[in-house]
Amino acid sequence: MSKNEEVTPLDFIRQTIANDVAAGKNQGRVVTRFPPEPNGFLHIGHAKSICLNFGVAGEYPGGQCNLRFDDTNPLKEEDQYIQSIRTDVKWLGFDWQEHLYYASGYFEQLYQFAERLIQDGHAFICELNVEQMREYRGTLTEAGRASPWRDRPMAESLELFRRMRAGAFPEGRYTLRAKIDMASPNINMRDPVIYRILHAHHHQTDDQWCIYPTYDYAHCISDALEEITHSLCTLEFEDHRPLYDWILDRLEGVVSCHPQQIEFSRLVLEYTVVSKRKLNALVRSGVVDGWDDPRMPTISGLRRRGYTPAAIREFCRRIGISKTPNNVELSLLESCIRDDLEQHAPRAMAVLDPLKVVITTIAPDHCEELSASNHPQNPELGSRTLYWTQEIIIERDDFAENPPKQFKRLVPGGEVRLRHAYVIRCDEIIKDPNSGAIIELRCSHDPSTLHANPADRKVKGVIHWLPLHRSQPAEIRCYETLFNTANPDEAWQGDDFTRLINPNSLQILSHCRIEEGLQNLPAGTIYQFERQGYFCVDSRYSRTDHPVFNRTVGLRDTWGKQQNKSS
RNA sequence: UGGGCCGUCGCCAAGCGGUAAGGCCCCGGAUUUUGAUUCCGGUAUCCCCAGGUUCGAAUCCUGGCGGCCCAGCCA
């Protein structure tokens, strides 16, 4: 490999898997799974897991990644989430092929295995209620006490378990517990509940069941039944691995596969929260207009904002996989979307805050067709026609009556180039006699400057513009971070999060103008509005007679940065 | 202060006993009809700290310090 080739080193999980494959473990197969619970929308943190699981599987011939809904708690889950999760995973560019599964699809087997555990003396029916169980569990520093039902005869537990399934008892009356070790320093091993009674309708199994397995019990067995080779999950499940292994060890001979669980640290992204509870609170409070609000870190929010699957995948590649507690800067995400859009987004012009300019050197009925390329580096994106007319508009802050140092735009008596058009000189400022506000500029143009720079002088600035009458009105929505603090998760206390909300997170500019031809684009279409940023047609509010664009991300702005520093 | 895990540049992150990759951010400079892009160049004598082993340690050992996770019949 040559020196200047970029080499992405394997993360520790990929190293482990590569070693396993090389050693012929699992007959060299690589099978992973992405196991969301259908109780909410997928977010950027899930994207990390999706990219890892599907990504790794895709790196091996015959590699496979299952999409499995971890639907063991009917109280929290809904079918609509299943649909949105499928949509989002596909949109991200991944394919589970025929491997779509549900933990609920294994309920019968799970039940049979539970009977087996009881028969083997590894599980018992307990009658402690929630409070009692908490008491018996002990604390982090003190061992727990055995349940009085721990030594219930096997046959009695089995009988009770069967009656539980038959619906003979109310919720909470009994639980099935694994018989492990109440003195374990690992609280997960203190006889954890593996089945509970829930008289609830399940979105997949209807009313077939009134007992449901817990995550710890169902997850490892589901993995094993699917012959997962590497079960990748986040760090908070590290303490559950002994239980994962314990259950599969007890079922050896009945379940032939024992996947290896490996944990990695979950994504923490500046200025965002991803807990379902908090995301939900934002939606319910009306601070955002739904799960797909462009300020939300959900996949659907990012999509509506204009983020591309490729950019999100690249982001996940760049953040890497490790066990280090992390706090990724937003600038990394932004860099990924800029890199993608820089190459692919066609260019156009839009004026967000118009200032009228009259070109005094051409006739009122003058309309000249100018050709403008759609991408400075990629001619394949073609070109379009711009109309050079007497009345045009420019961005209000591209003119300064009293310019700051280094200002390269239009100033009284100064010249500036209009992008794809001529060099103009500002000859006169028209102000509102009452307010003193600038309402119009009168400029002359230099006809020799269309595709050439003047020979005798240097014009340093280039600004964007639009013909007043041959442009269209549009609404443009500019976003900032939803929160005013980089670590909203820490700052979030109780449910009073309103003080954490950035009042400028959404700015609606309703008097913008865009090029003709941009008012009837399909939702999601992305353009770069030159000198400003990347914008995409909003999927909820945009209509032909009222185009709405979302600013995905601004262009890198060294001038603005400089200004901020000096002010 | 029970158990588990983690500590390498502002933020991610390689490194696996042979003398600190890369990306993002940042700072210079060149090119530019986007103050964009692109392009060059700069940015850890040091790897949480202290000892030790070794010809040689970010990597091994010992002891500290700091951070995260766990006491749901959630996942």
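Numbers restart at 1 for each chain; the letters A, B, ... are given by sequence-line order, proteins then strands.
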Residues passing the salt bridge (Lys or Arg N to Asp or Glu O under 4.0 Å) test with A:Asp340, sequence neighbours excluded, are none

Discussion item. Whether A:Arg318 contacts B:rA13 is assessed here as follows: a side-chain N or O lying under 4.0 Å from the phosphate OP1 or OP2. Is that the case?
Written reply: no

Minimal heavy-atom distance between A:Lys76 and A:Asn39, with the atoms involved, is O-CB, 3.1 Å

Sorted by chain and residue number, the side chain to side chain contact (heavy atoms under 4.5 Å, CB included) partners of A:Asn186 (sequence neighbours excluded) come out as A:Ser184, A:Asn188, A:Met189, A:Asp239, A:Pro242

With sequence neighbours left out, the residues meeting salt bridge (Lys or Arg N to Asp or Glu O under 4.0 Å) with A:Arg145 are none

- Item | Span that lies between the C1' atom of B:rC6 and that of B:rA13, in whole angstrom | 14 Å

In numerical order, the residues of residues 330-340 of chain A whose heavy atoms come under 4.0 Å of RNA chain B are A:Ser331, A:Leu332, A:Ser335

Sequence neighbours excluded, the answer for salt bridge (Lys or Arg N to Asp or Glu O under 4.0 Å) partners of A:Arg417 is none

*Counting any heavy atom closer than 4.0 Å, what does A:Gln406 reach on the DNA or RNA strands: base, sugar-phosphate only, or nothing?*
base

inquiry  = With a 4.0 Å cutoff (strictly under), does any side-chain N or O of A:Lys561 reach OP1 or OP2 of B:rC26?
reply    = yes

Counting primed atoms, P, OP1 and OP2 as sugar-phosphate and everything else as base, the B/S/- map of nucleotides 69-75 of chain B against protein heavy atoms under 4.0 Å is BBBSBSB

All heavy atoms of A:Pro213 vs all of A:Tyr217, minimum pair found to be CB-CD2, 3.8 Å

